[in-house]
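Structure first, commentary second.
Every heavy atom of this structure was used, including side-chain atoms; hydrogens, water molecules and symmetry mates were not. Please read these numbers as outputs of a predicted model, since none were measured by experiment. Order of listing sets the numbers, starting from 1, for every ligand and every atom in it.
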Amino acid sequence: MACKRGALIVLEGVDRAGKTTQCNKLVQSLQQSGRAVEMMRFPDRTTIIGQLINAYLEKKSDLEDHTVHLLFSANRWELVPLIKKKLEQGTTLVVDRYAFSGVAFTSAKPGFSLDWCKKPDVGLPKPDLVMFLQLSPAEAALRGQFGEERYETSAFQRAVQQKFEHLMKDLSVNWQVIDASQSVEDVHKQIAYHSLNAINTAQNLPLGELWK
Ligand code: ADP
Ligand code: FDM
């Protein structure tokens, strides 16, 4: 390797857990400490596939459930060359949602097994760290109403939470559960601590393959 690689760091969690707030803060603090770091989010709504997903989430189009699952996965795969390039160049990536959201959301729909949902994402770049921002539905409710997008109902989000809990039993993934009910600053401190550890560890390790 020409230089030490960057780390792939993912934040997951239910709606309003603070993922976007914390991704931004983490990127800002790592940049301030002089590290090369960039943020990404999934779905990436800017690509052609992302625009199909965006229309679906905004309820401007209907897509068959298997089809949209595969589109979410394709949206990650189309960014894989960029992800690998950045990591190889030594840039750490902070990612707002990844394949775990993909599996949790689709498998919360009737008739979808966790196993089937994981298949299309097998072999994606494996995150060096996945932080799950844990927040109860009651605490999430204090942070405002649900929006208008698809999946933004309390019953569905409860089902999604259960699927995340199942995924977190997989010890092949470096999960860290963060209590997201704390202040923005306290949550950030923990996220920064785990991220710095992951960055230090990842630089000497090859990038893994997810669920392989
Ligand atoms: P997510 O990306 O997980 O949906 P956001 O980062 O968009 O969550 O945060 C959802 C809302 O909750 C925003 O209004 C944000 O300002 C607020 N928020 C985020 N973190 C906290 C926190 N630790 N305590 C209180 N409110 C928070
Ligand atoms: N979502 C997100 C999925 O259903 N599958 C996926 O693979 C991913 C990455 O899309 F409801 C869902 C989760 C959420 C929505 O919302 C994206 P945000 O506000 O852009 O995170």
Practice item. Tell me yes or no: between the side chains of Gln145 and Glu152, is some donor less than 3.5 Å from an acceptor? Key: no
Exercise for review: Check whether any side-chain heavy atom of Thr201 sits under 4.5 Å from a side-chain heavy atom of Asp128, and report yes or no.
Suggested key: no
Practice item. For Lys19, take its heavy atoms, then give the atoms of ligand 1 lying under 4.0 Å from any of them. Key: 1 (P), 2 (O), 3 (O), 4 (O), 6 (O), 8 (O)
Check your understanding: Going by the atom numbers of ligand 1, which of them fall below 4.0 Å from some non-hydrogen atom of Thr20?
Key -> 2 (O), 6 (O)
**Study point:** Electrostatic pair Asp15-Arg143, nearest N-O below 4.0 angstrom
**Key:** no
Check your understanding: Is Asp96 in polar range of ligand 1, meaning some N or O pair under 3.5 Å apart?
Key -> no
Check your understanding: Any chance the side chains of Gln161 and Gln157 put a donor and an acceptor closer than 3.5 Å?
Key -> no
Practice item. Please state whether Gly144 comes within less than 4.0 angstrom of ligand 1, counting heavy atoms only. Key: no
**Study point:** Closest approach of any protein heavy atom to atom 4 (O) of ligand 1, naming residue and atom
**Key:** Arg16 N, 2.9 Å
Review point. With a 6.0 Å cut-off on ring centres, are His69 and Phe105 close enough?
Key: no
**Study point:** Proximal ligand 2 atoms for Phe42, defined as those under 4.0 Å from one of its heavy atoms
**Key:** 9 (C)
**Study point:** Arg41, portion touching ligand 2 at heavy-atom distance under 4.0 Å
**Key:** side chain
**Study point:** Test item: protein heavy atom less than 4.0 Å from atom 13 (C) of ligand 1
**Key:** no
Review point. Is there a side-chain contact between Gln22 and His188, using heavy atoms and a 4.5 Å cut-off?
Key: yes
Exercise for review: Give the cluster check for Val68 versus Leu114: same hydrophobic cluster or not, with ILVMFWY residues linked at side-chain heavy-atom distances below 4.5 Å.
Suggested key: yes
Review point. Using heavy atoms and a threshold below 4.0 Å, how should the contact between His69 and ligand 2 be classified: side chain, backbone, both, or neither?
Key: neither
**Study point:** Taking atom 8 (O) of ligand 1 as the reference point, the nearest protein heavy atom with its distance
**Key:** Gly18 N, 3.1 Å
**Study point:** Lys/Arg-Asp/Glu bridge criterion (N-O < 4.0 Å) met for Glu139, Arg16
**Key:** no
Study note, to complete from the structure: of all protein heavy atoms, closest to atom 7 (O) of ligand 2 is Arg76 NH1, 2.8 Å
Exercise for review: Run the numbers for me: atoms of ligand 2, each under 4.0 Å from some heavy atom of Pro43, listed by number.
Suggested key: 2 (C), 9 (C), 17 (C)
Check your understanding: Do Leu8 and Phe42 share a hydrophobic cluster (ILVMFWY, side-chain heavy atoms under 4.5 Å, transitive)?
Key -> yes
Point to revise | Modelled atom types, side-chain donor and acceptor of Tyr151 and Lys109, under 3.5 Å | key: yes
Practice item. For Thr92 and Val37, indicate whether the former's side chain and the latter's backbone hold a donor-acceptor pair under 3.5 Å. Key: no
Check your understanding: atom 2 (C) of ligand 2: which protein heavy atom is closest, and how many Å away?
Key -> Phe72 CE2, 3.6 Å
**Study point:** 4.5 Å side-chain heavy-atom contact, Val173 and Trp211
**Key:** yes
Check your understanding: Where does Leu57 meet ligand 2, judged by heavy-atom distances below 4.0 Å: at the side chain, the backbone, both, or neither?
Key -> side chain
Check your understanding: So with a 6.0 Å cut-off around CG of Leu142, is the heavy-atom count from everything else above 12?
Key -> yes
Exercise for review: With heavy atoms of Ser183 as the reference, note each atom of ligand 1 found under 4.0 Å away.
Suggested key: 23 (N)
Exercise for review: Using the side chain to side chain contact (heavy atoms under 4.5 Å, CB included) rule, pick out the option among Leu124, Val130, Leu129 that qualifies with Pro127.
Suggested key: Val130
**Study point:** Option whose closest heavy atom lies nearest to atom 4 (O) of ligand 2, chosen from Phe156, Phe105, Tyr98, Tyr56
**Key:** Phe105
Exercise for review: Before signing off on this row, confirm whether Val187 and ligand 1 have an N or O atom pair separated by under 3.5 Å.
Suggested key: no
Check your understanding: Among protein heavy atoms, which sits nearest to atom 20 (O) of ligand 2, and what does the distance come to when rounded to 0.1 Å?
Key -> Arg45 NH2, 3.0 Å
**Study point:** Region of Ser73 engaging ligand 2 - heavy atom pairs below 4.0 Å
**Key:** neither
Exercise for review: Could you tell me which atoms of ligand 1, counted from 1 in the order shown, lie closer than 4.0 angstrom to a heavy atom of Thr21?
Suggested key: 5 (P), 6 (O), 9 (O), 15 (C), 19 (C)
Practice item. Number the atoms of ligand 1 from 1 as they appear, then name those within less than 4.0 Å of a heavy atom of Val184, with their elements. Key: 20 (N), 21 (C), 22 (C), 23 (N)
Check your understanding: Starting from atom 24 (N) of ligand 1, which protein heavy atom do you reach first, and at what distance in Å?
Key -> Arg143 NH2, 3.3 Å
**Study point:** Residues Ser172 and Asp170: side-chain donor-acceptor under 3.5 angstrom
**Key:** yes
Practice item. May I ask you to identify, for Gln22, whether its side chain, its backbone, both or neither come under 4.0 Å of ligand 1 on a heavy-atom basis? Key: neither
Check your understanding: Looking only at protein heavy atoms, which one is nearest to atom 21 (O) of ligand 2, and how far off is it?
Key -> Arg97 NE, 2.7 Å
Review point. Nearest protein heavy atom to atom 23 (N) of ligand 1, by residue and atom, and its distance?
Key: Gln182 O, 2.8 Å
